[in-house]
Visitor: 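This structure is in C-alpha cells; I'll ask about it shortly.
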Amino acid sequence: MPATGTSHISVEHVTFAVPDGTEIISDVSCVFARKRIGLVGDNGVGKTTLLKLLLGRLKPTKGRITVDGTLGYLPQDLQVPGNATVADVLNVREKIEALDRLDRGDADPAGTLQGIVGDDWNLRDQVERLLRSFGLDLPLDRPGLALSGGELVRLHLVGLIVNRYNFLVLDEPTNNLDVESRQALYRFIETANVGVVAVSHDRALLGRMDEIVEMFRDELRVYGGNYAFYREQRHVHAEALERLIVTKAGEVEAAHETARKATERNAKRARVGKKHAVKANLPAIVMGAMKNAAEAHAGKSRLVHERVLGEREDELRALRERRRPDNAIKLELPKTKVPADKVVFALKGVSFRYPGGPELFPALSYTMMGPERLVLRGRNGSGKTTLARIIRGELAPASGTASVGVKSVGYLDQLTRSLPENRSVLEIVREVAPEIPEGHVRIYLARLKFHRDAVHKRVEVLSGGERIRLALAREFLKTDPPRLLILDEPTNNLDLNSIERLESALSCYEGALVAISHDESFLRAIGIMSEITLG
C-alpha cells in the first residue's frame with residue numbers, strides 16, 4: 001500500500017545556478033506528497049541536482065525548499081569508508097554494541113546504554129530478517145569494502161528501512177541490482193509505509209509509482225499515475241500540442257497576409273495622394289507635409305503588424321520547442337542478416353575460473369542458431385560478462401571449447417569505452433567507412449538522431465544515449481558489420497528517450513544478438529527469444 005500522511009516536500013520557485021551563472025534548474029515548483037513518486041527526464045536536465053537540493057546538500061540560488069519529515073538517501077555512487085562494517089553502513093553499530101553489552105550484563109547505572117537502545121530491543125533480529133529478505137547473508141562485522149556493488153545497494157536499502165525515514169530519496173536504485181535484488185526492491189516499494197522520490201529509468205519500478213514527475217529545466221510536470229498512465233497522457237498531450245501548432249501556424253500565416261495587405265494599401269494610398277496633390281498643384285511644402293504624414297501612418301501600421309506577427313511567431317516557436325523527440329529509428333541493415341540454419345556460436349562443456357576464484361558455469365553447453373536473440377541471466381558475479389568475453393574469443397575457457405560461426409562480432413558495453421574521447425561523431429564513423437561518401441554518412445547519422453551540427457560533437461561531450469547510438473553507427477557502417485552483436489548492460493545509464501531510441505535501432509538489426517541486462521522491459525522490446533541462466 002502507498003504511504004499516507006501529511007509529511008511532504010515543498011519546492012517553491014527554485015532556481016539553481018553554477019558559479020558562472022548558468023542555470024541548471026530555473027524557477028521550478030512542485031509539492032512531493034508522501035507517496036511513491038518517480039522522477040524522470042532527459043540526462044543532464046538536473047534530476048540528481050534536484051535530489052541534492054531536496055536533501056539540503058545543495059542550496060537553491062533562488063526560491064525555497066521545505067521538508068516536513070526525515071529523508072534518507074541512496075546515491076548513484078555509493079562510497080564506503082575503508083574501515084566501515086556492515087553495521088556502520090546500516091548506521092546501527094552504536095545500538096548493536098549497546099545491546100550486546102546489556103546482553104552480557106554490563107552495568108548501566110545511569111541508563112546510558114538503555115538510552116542508546118531506546119525501543120529497539122529487537123534490532124538485531126529485525127536487521128537480520130531484513131538482510132535475508134534482500135538476499136544478504138552478512139554478519140554485521142563484515143567489512144563493507146568486501147561487498148559487491150549490488151550487495152552495497154541492497155545493504156543501503158536495508159539501512160534506509162531500519163532508520164525509519166519518512167521519505168526515501170533514491171537515485172537510479174536498480175542500476176547495479178540483479179534480478180533477485182530488483183524483485184526485493186520492488187516488493188519493498190509496494191509494501192513500505194514510506195514516501196519515495198526515485199530518479200529511475202527502470203520502467204518496472206516506475207510502474208509501481210503513484211505519480212510520475214517529468215522534469216524539464218524550467219518545469220516539474222506532474223502526472224497522477226504510474227508509468228503506463230504517464231505514457232498514455234504524454235501521447236494525449238503530444239496530439240493536443242500538434243493541433244495547437246497547426247492552429248498557431250495558421251495564425252502566423254494570417255498575420256503575414258494581413259501585414260502584406262496593409263503594406264499594399266499604404267503604398268496605394270501614397271501613390272493616390274501624390275497623384276491628387278500634383279493635379280491640385282499644391283505647394284511643395286504642403287506636399288512634403290502630406291508625404292511625411294502618410295509615411296508616419298504607414299510606419300505606425302507596419303510596427304503594429306510586425307509586433308503582432310512577432311508575437312505569433314514567438315508563440316509558434318515556443319510550441320514547437322515543447323515537442324517531444326521522435327524516438328523512432330529506421331535503418332536498413334541487410335549486411336547483418338544471418339540465415340536461420342547458421343551456427344552463430346557453439347559452447348561445449350565450457351567452464352572458467354579466475355585465479356583463486358570459484359569455477360564459473362561448469363560444463364556449459366549451448367548452440368546459438370540464426371538470428372536468435374538471447375539474454376544471459378544470473379546474479380551479480382555469476383560470470384555473465386566473462387561468458388560474453390569467451391563467446392567473443394577474448395578469453396579462452398579453462399575447459400571445453402567455444403567457437404564462433406560468423407565472420408564478425410560486435411560488442412557494446414554500458415560505458416562504450418572503445419570510443420576515442422577526442423574525436424567527433426563524423427570522424428569516428430568515417431574511419432570505419434572511408435569508401436562511403438560523406439553525404440551518405442550524414443544521412444545515416446541523421447537517421448540515428450545526429451542532425452546537422454551534432455555530427456561535429458566530440459565523444460567527450462556526448463550523453464550516454466548519444467554514445468550508444470554512435471557505437472551502433474560505427475558497428476553497422478563497417479565494411480563487414482557484425483552478424484553477432486553483444487550488449488553488456490546497455491541501458492544502465494540512459495534516460496527513457498535514449499532507451500526507446502536504442503530499442504528502435506536494434507529492431508532494425510537482422511543479425512544474432514546476445515544481451516546482458518536486468519531490464520525486463522528492454523528485453524521484451526528487443527524481442528529476446530531464449531536465455532542462459534548462470535549461477
Visitor: Would you please name every residue forming a side-chain hydrogen bond (donor to acceptor under 3.5 Å, both in side chains) with Ser133, sequence neighbours left out?
Guide: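 Ser133: no side-chain hydrogen bond (donor to acceptor under 3.5 Å, both in side chains) contacts found.
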Visitor: Given Leu412, which partner from the list Asp488, Leu502, Leu487 fulfils the side-chain contact (heavy atoms from CB on, under 4.5 Å) test?
Guide: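 So the option named by the test is Leu487.
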Visitor: Between the side chains of Asn327 and Ser504, does any donor sit under 3.5 Å from an acceptor?
Guide: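 Side-chain D/A pair, Asn327 to Ser504: absent.
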Visitor: Tell me, with the steps shown, if Ile212 and Gln233 meet side-chain contact (heavy atoms from CB on, under 4.5 Å).
Guide: CA-CA 11 Å; Ile212 300 295; Gln233 291 301 302; over 6 Å; no
Visitor: Without placing hydrogens or testing angles, list every side-chain donor-acceptor pair under 3.5 Å for residues 345-360, not counting sequence neighbours.
Guide:
unit_1, atom_1, unit_2, atom_2, d
Ser351, OG, Glu359, OE2, 3.3
Ser351, OG, Ser399, OG, 2.4
Arg353, NH1, Gly357, O, 3.2
Tyr354, OH, Thr386, OG1, 2.7

Visitor: Looking at Glu500 and Arg231, is any side-chain nitrogen of the basic one under 4.0 Å from a carboxylate oxygen of the acidic one?
Guide: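 Result for this pair is yes, salt bridge flagged.
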Visitor: What's the shortest heavy-atom distance between Leu448 and Ala505, and which atoms?
Guide: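 For Leu448 versus Ala505, the nearest heavy atoms are CD2-CB, 4.3 Å.
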Visitor: Return the CD1 to CG distance between Ile468 and Leu462, rounded to the nearest 0.5 Å.
Guide: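 Reported to 0.5 Å precision, the distance equals 11.5 Å.
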Visitor: Keeping Thr336 on the side-chain end and Leu333 on the backbone end, is there a donor-acceptor pair under 3.5 Å?
Guide: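 Looks like yes, one N/O pair under 3.5 Å.
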Visitor: When the side chains of residues 523-535 are checked against the rest of the protein, which donor-acceptor pairs come out under 3.5 Å, sequence neighbours left out?
Guide:
unit_1, atom_1, unit_2, atom_2, d
Arg524, NH2, Ser521, OG, 3.4
Ser530, OG, Tyr366, OH, 3.3
Ser530, OG, Glu372, OE2, 2.3
Glu531, OE1, Arg377, NE, 3.1
Glu531, OE2, Thr533, OG1, 2.8

Visitor: Does Ile245 form a side-chain contact (heavy atoms from CB on, under 4.5 Å) with Glu242? I'd like the steps, not just the answer.
Guide: CA-CA 5 Å; Ile245 288 172; Glu242 288 305 314; 4.0 Å; yes
Visitor: For Leu484 versus Met368, what's the shortest heavy-atom pair and its separation?
Guide: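 Between these two residues, the closest heavy atoms are CD1-SD, 4.3 Å.
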Visitor: Within a reach of under 6.0 Å around CG of Asn422, are more than 12 heavy atoms found that belong to other residues, nucleotides or ligands?
Guide: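 Buried by this count: over 12 neighbours within 6.0 Å.
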Visitor: State whether the number of non-hydrogen atoms from other residues, nucleotides or ligands found under 6.0 Å of Arg392 atom CZ is greater than 12.
Guide: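 For Arg392, atom CZ is crowded (more than 12 foreign heavy atoms under 6.0 Å).
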Visitor: Is it the case that the side chains of Asp519 and Ser517 hold a donor-acceptor pair, with the cut-off being a distance below 3.5 Å and no angle test?
Guide: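 Looking only at side-chain atoms, Asp519 and Ser517 do not form any donor-acceptor pair under 3.5 Å.
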Visitor: Distance from Ser424 atom OG to Glu460 atom CD, nearest 0.5 Å?
Guide: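 One gets 11.0 Å once the value is rounded to the nearest 0.5 Å.
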Visitor: Give me the atom names and distance for the closest heavy-atom approach of Cys30 to Val222.
Guide: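 Distance-wise, the nearest heavy atoms are SG-CG2, 3.7 Å.
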Visitor: Would you check if Tyr230 and Val40 make a side-chain contact, meaning some heavy-atom pair closer than 4.5 Å?
Guide: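 SC-SC contact between Tyr230 and Val40 confirmed.
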Visitor: Aromatic rings Phe476 and Tyr509: how do their planes relate, parallel, tilted or perpendicular, breaks at 30° and 60°?
Guide: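 It falls in the parallel class, under 30°.
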Visitor: Would you find more than 12 non-hydrogen atoms of other residues, nucleotides or ligands less than 6.0 Å from His451 atom NE2?
Guide: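 Yes.
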Visitor: So how far is it from Ile37 CD1 to Met209 CE, rounded to the nearest 0.5 Å?
Guide: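 Atom-to-atom, Ile37:CD1 and Met209:CE are 9.5 Å apart.
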Visitor: Specify the closest pair of heavy atoms between Pro482 and Ser408, including all atoms of both residues, with the distance to one decimal.
Guide: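 Closest approach of Pro482 to Ser408, heavy atoms only: CA-OG, 3.1 Å.
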Visitor: Taking the six-membered ring of Tyr223 as reference, does the NZ or CZ atom of Arg234 fall below 6.0 Å from its centre and within a 45° cone about the axis?
Guide: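 The answer is no; the distance or angle limit is not met.
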Visitor: Identify whether the distance between the nearest side-chain nitrogen and carboxylate oxygen of Glu431 and Arg423 falls below 4.0 Å.
Guide: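 Here Glu431 pairs with Arg423 in a salt bridge, since their nearest N and O are under 4.0 Å apart.
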Visitor: Can any side-chain N or O of Arg203 pair as donor or acceptor with the backbone N or O of Ala228 at less than 3.5 Å?
Guide: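 The answer is no, because no donor-acceptor pair under 3.5 Å joins these two groups.
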Visitor: Looking at Glu239, I'd like to know if its CD atom is crowded, meaning that more than 12 non-hydrogen atoms belonging to other residues, nucleotides or ligands lie closer than 6.0 Å.
Guide: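 Enclosed: over 12 neighbouring heavy atoms sit under 6.0 Å from CD of Glu239.
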Visitor: Does His235, at its NE2 atom, have more than 12 non-hydrogen atoms belonging to other residues, nucleotides or ligands within less than 6.0 Å?
Guide: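 Counting other residues, nucleotides and ligands, NE2 of His235 stays at 12 neighbours or fewer.
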Visitor: I need the minimum non-hydrogen distance between Asn43 and Asp495, along with the two atoms involved.
Guide: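 So the two residues come closest at N-OD2, 2.8 Å.
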Visitor: Look at atom NZ of Lys457 and say whether more than 12 heavy atoms of other residues, nucleotides or ligands are closer to it than 6.0 Å.
Guide: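 Yes.
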Visitor: Any sub-3.5 Å donor-acceptor pair from Asp171's side-chain atoms to Val199's backbone N or O?
Guide: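 Answer holds: no.
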Visitor: Are Glu466 and Arg501 close enough for a salt bridge, meaning some N to O gap below 4.0 Å?
Guide: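 Here Glu466 does not pair with Arg501 in a salt bridge, since their nearest N and O are not under 4.0 Å apart.
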Visitor: Can you tell me how far the CD atom of Glu151 sits from the CG atom of Asp178, to the nearest 0.5 Å?
Guide: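 Answer rounded to 0.5 Å: 9.0 Å.
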Visitor: Could you tell me whether a side-chain N or O of Lys47 sits under 3.5 Å from a main-chain N or O of Leu39, the two making a donor and an acceptor?
Guide: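 Here the side-chain-to-backbone pair does not exist.
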Visitor: Calculate, to the nearest 0.5 Å, the distance between atoms CG and OH belonging to Leu51 and Tyr73 respectively.
Guide: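 If I round to the nearest 0.5 Å, the distance is 6.0 Å.
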Visitor: Are a donor atom and an acceptor atom from the side chains of Thr174 and Asp202 found within less than 3.5 Å of each other?
Guide: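 Asp202 and Thr174 do have a side-chain donor-acceptor pair below 3.5 Å.
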Visitor: Quick one: closest heavy-atom pair of Thr49 and Leu58, and the distance?
Guide: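 Heavy-atom minimum between the residues: CG2-CD1, 4.0 Å.
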Visitor: Can you tell if the side chain of Leu426 reaches within under 4.5 Å of the side chain of Glu438, non-hydrogen atoms only?
Guide: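 Yes - at least one pair of side-chain heavy atoms lies under 4.5 Å apart.
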Visitor: Any chance you could measure Asp413, atom CG, to Ile486, atom CD1, to the nearest 0.5 Å?
Guide: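 Interatomic distance, Asp413 CG to Ile486 CD1, rounded to 0.5 Å: 12.0 Å.
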Visitor: Within a reach of under 6.0 Å around CG of Asp480, are more than 12 heavy atoms found that belong to other residues, nucleotides or ligands?
Guide: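 Atom CG in Asp480 is crowded, with more than 12 foreign heavy atoms closer than 6.0 Å.
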Visitor: Has the side chain of Asn226 got a donor or acceptor atom that lies under 3.5 Å from a matching backbone atom of Gly207?
Guide: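 Checked: pair present.
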Visitor: Has the side chain of Thr191 got a donor or acceptor atom that lies under 3.5 Å from a matching backbone atom of Arg187?
Guide: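 Side chain of Thr191 to backbone of Arg187, a donor-acceptor pair under 3.5 Å: yes, one is there.
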Visitor: Treating Arg208 as the side-chain partner and Ala204 as the backbone partner, does any N or O pair qualify as donor plus acceptor under 3.5 Å?
Guide: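 Judged by distance alone, yes, a pair lies under 3.5 Å.
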